[in-house]
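I have placed the structure first, in the form of structure tokens, so that the comments after it can refer back to it.
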Amino acid sequence: MFASICRRRLLRFRQIPSAAAGTDRSRRPNPIDALLSHGYSSSALAGIPLSKPPCPATVSYLTSCGLSPAAAAAVSKRRIRSTDKADAVRALLRSYGFTDADIAGMVRRTPVLLTLDPDRILRPKLDLFASLSVSPQTLYTAPRLLLRSLDNHLVPCIQFLRGVLGTDANVRDAISRSPRGLLADLEKNMRPAVAALRRLGLPDQSISKLITIEMCVLMFSPDRISQIFEDLKSLDMSVTGMGFMHGFRVLCGLSRENWLRRLALYRSFGVSEGDLIKAFRKQPTMVLLSDETITKKLRFYLDELKLELSDVMGQPVLMGYSMEKCVIPRCAVLSVLMKEGKIEPNIKLVTALLGSTKYFSDKYVFRYAHDVPDIVKAYEGKIKFEGFKDRGALVPVKP
């Protein structure tokens, strides 16, 4: 029954022209409403003079919703005039699968939600997303989507995405991966972005894949899209390959200034142009790390573990491993095993460090845990790794 209702709603939505006309004339928006409807956070409102101080009743209500007193005070300047309506909003969200913790988080970021009409404003939008199987967790991460006009924004944008991506499943996947992308304006952002990708020679199938994995590309100007495209082509990446798609996704989250600086930082360690290109193709997220993190990890691999730079760049996934939670505990385990003679000192360290948690645990921890109890302590961080030079340098961590 529910699915049938959702499908009937969606059928009606599909019949709405993409340039849906009409405006909300219910009331004249004030500046605060306008800012909230365009996605400004409560922190962005801090500098705007307000005629009234925080409402104690609103603070009390928000606290009852699960917000801390400080968070409630920070967002309470948007006064809740009807707690009955706010209660109805919360009940509606629960009926669509949102937990109380989800609702508290959404209210903290978008308090105006509690002032909206639950049946007239919110329910049709929730039905639309439910008909696409977009999860509550997705909307939890981007509650501003529920502030967008149904007829003037959400429906036309979803119709456009359906035309580009081909199926509702792809639309759902795109929204689920990058819900913020659906905030982009259809005429000012989405259409020009897709036109730019086509003009640059990206086939429609590749455009569909790119938007499905990173819909935020639709928020970029044609000039920025062209720059990312040229940067990736300069690395001899095929525009039809998935490596190009994932590289594009990474550069969408990085300013060009930071992109060039990260490349220069890797080169400063002696990474050749060829090795850098190969590494980026394998693990494009290596450039998303901060300068400090890149430096820290390379110093550890080169200075502490005495690995060759070519070995690290040959397995750039190592740059994505957490030092504290993954690499150092694994090194501590290997050090204990070397000390006990369970593995040879000349083991290929890079290979030993690679793999999933389960793979490493099965091969090096559980396999020897009975004979070498210190293995478990090392893996839990209770034995400090002090390098492989002095095999006896195993110091218990102070509690």
Side-chain angles (χ1 to χ4, degrees), residues 18-19 38-39 129 132 134-135 137-139 141-145 148 153-263 277 280-289 320:
S18 61
H38 285 80
F129 287 116
L132 293 169
V134 174
S135 70
Q137 186 59 34
T138 297
L139 295 177
T141 62
R144 287 180 292 168
L145 288 175
R148 288 294 194 255
H153 183 86
L154 294 176
V155 170
C157 286
I158 288 173
Q159 286 180 319
F160 176 75
L161 288 172
R162 186 183 292 114
V164 175
L165 304 182
T167 68
D168 282 359
N170 285 342
V171 173
R172 177 202 63 217
D173 290 346
I175 295 173
S176 298
R177 290 190 176 103
S178 307
R180 193 168 60 91
L182 193 56
L183 295 170
D185 184 271
L186 176 60
E187 301 300 333
K188 294 179 180 179
N189 304 112
M190 288 189 176
R191 292 191 193 279
V194 171
L197 292 169
R198 287 175 174 150
R199 187 171 60 251
L200 290 166
L202 204 62
D204 283 350
Q205 185 178 10
S206 296
I207 293 174
S208 176
K209 289 179 181 177
L210 174 59
I211 295 174
T212 300
I213 66 173
E214 184 51 81
M215 190 168 58
C216 284
V217 67
L218 297 179
M219 305 183 81
F220 289 176
S221 69
D223 287 345
R224 177 60 181 143
I225 289 172
S226 297
Q227 187 63 72
I228 293 175
F229 196 91
E230 292 305 315
D231 283 341
L232 292 175
K233 284 190 69 177
S234 70
L235 301 180
D236 295 325
M237 300 183 75
S238 170
V239 297
T240 59
M242 285 306 295
F244 187 92
M245 303 299 128
H246 289 294
F248 214 114
R249 180 185 187 185
V250 164
L251 294 193
C252 282
L254 198 65
S255 70
R256 190 159 194 268
E257 178 185 4
N258 284 338
W259 154 250
L260 295 175
R261 190 173 71 249
R262 301 282 158 71
L263 295 182
I277 289 174
F280 179 80
R281 287 175 180 170
K282 285 184 177 180
Q283 192 76 16
T285 54
M286 62 184 281
V287 298
L288 291 179
L289 303 172

Roughly how far apart are [X] [atom1] and [Y] [atom2], rounded to 0.5 Å?
{"X": "I213", "Y": "S178", "atom1": "CD1", "atom2": "OG", "value": "8.5 Å"}
{"X": "M237", "Y": "I277", "atom1": "CE", "atom2": "CD1", "value": "10.0 Å"}
{"X": "R261", "Y": "R256", "atom1": "CZ", "atom2": "CZ", "value": "13.5 Å"}
{"X": "C157", "Y": "R162", "atom1": "SG", "atom2": "CZ", "value": "12.0 Å"}
{"X": "I175", "Y": "T212", "atom1": "CD1", "atom2": "OG1", "value": "10.5 Å"}
{"X": "S208", "Y": "L161", "atom1": "OG", "atom2": "CG", "value": "10.0 Å"}

(message) Does V171 form a side chain to side chain contact (heavy atoms under 4.5 Å, CB included) with Q159? I'd like the steps, not just the answer.
(response) CA-CA 9 Å; V171 173; Q159 286 180 319; over 6 Å; no

Do [X] and [Y] come within less than 4.5 Å of each other through their side chains, counting heavy atoms only?
{"X": "L186", "Y": "H153", "answer": "no"}
{"X": "V250", "Y": "H246", "answer": "no"}
{"X": "T138", "Y": "L145", "answer": "no"}

(message) Strictly by salt bridge (Lys or Arg N to Asp or Glu O under 4.0 Å), give each pair with a member in residues 233-242 just once, sequence neighbours left out.
(response)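 Passing the test, one end in residues 233-242: no pairs.
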
(request) For the pair N170 and I211, evaluate side chain to side chain contact (heavy atoms under 4.5 Å, CB included) and give the outcome as yes or no after the intermediate values. (result) CA-CA 9 Å; N170 285 342; I211 295 174; over 6 Å; no

Enumerate donor-acceptor pairs with a distance under 3.5 Å from any side-chain N or O in residues 215-228 to protein atoms, sequence neighbours excluded.
{"unit_1": "S221", "atom_1": "OG", "unit_2": "R224", "atom_2": "N", "d": "3.2"}
{"unit_1": "R224", "atom_1": "NH2", "unit_2": "L251", "atom_2": "O", "d": "3.4"}
{"unit_1": "R224", "atom_1": "NH2", "unit_2": "L254", "atom_2": "O", "d": "2.8"}
{"unit_1": "S226", "atom_1": "OG", "unit_2": "P222", "atom_2": "O", "d": "2.9"}
{"unit_1": "Q227", "atom_1": "NE2", "unit_2": "D231", "atom_2": "OD1", "d": "3.4"}

(message) So which atom in M245 and which in L210 form the shortest heavy-atom distance, rounded to 0.1 Å?
(response)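 Shortest heavy-atom separation between M245 and L210 comes out as SD-CB, 3.7 Å.
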
(message) If we ignore hydrogens and angles and just use 3.5 Å, is the side chain of S255 paired with the main-chain N or O of N258 as donor and acceptor?
(response)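 Such a contact is found between S255 side chain and N258 backbone.
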
(request) Report yes or no: does N189 contribute a side-chain atom to a donor-acceptor pair with the main-chain N or O of A184 at less than 3.5 Å? (result)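 Not confirmed, N189 side chain does not pair with A184 backbone.
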
(request) List for me each residue that meets ring-ring contact (aromatic ring centres under 6.0 Å, His included) alongside F280, sequence neighbours excluded, and say none if there are none. (result)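 Partners of F280 by the ring-ring contact (aromatic ring centres under 6.0 Å, His included) criterion, ordered by chain and then number, come out as W259.
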
(request) Not counting sequence neighbours, which residues clear salt bridge (charged side-chain N to carboxylate O under 4.0 Å, His left out) with R180? List them please. (result)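 Partners of R180 under the salt bridge (charged side-chain N to carboxylate O under 4.0 Å, His left out) test: none.
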
(request) Could you tell me which residues satisfy salt bridge (charged side-chain N to carboxylate O under 4.0 Å, His left out) with R249, sequence neighbours excluded, listed by chain and number? (result)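 Counting only residues at least two positions away or on another chain, R249 forms a salt bridge (charged side-chain N to carboxylate O under 4.0 Å, His left out) with E214.
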
Donor-acceptor list for residues 195-207 side chains, cut-off 3.5 Å, not counting sequence neighbours:
{"unit_1": "R198", "atom_1": "NE", "unit_2": "D204", "atom_2": "OD1", "d": "3.0"}

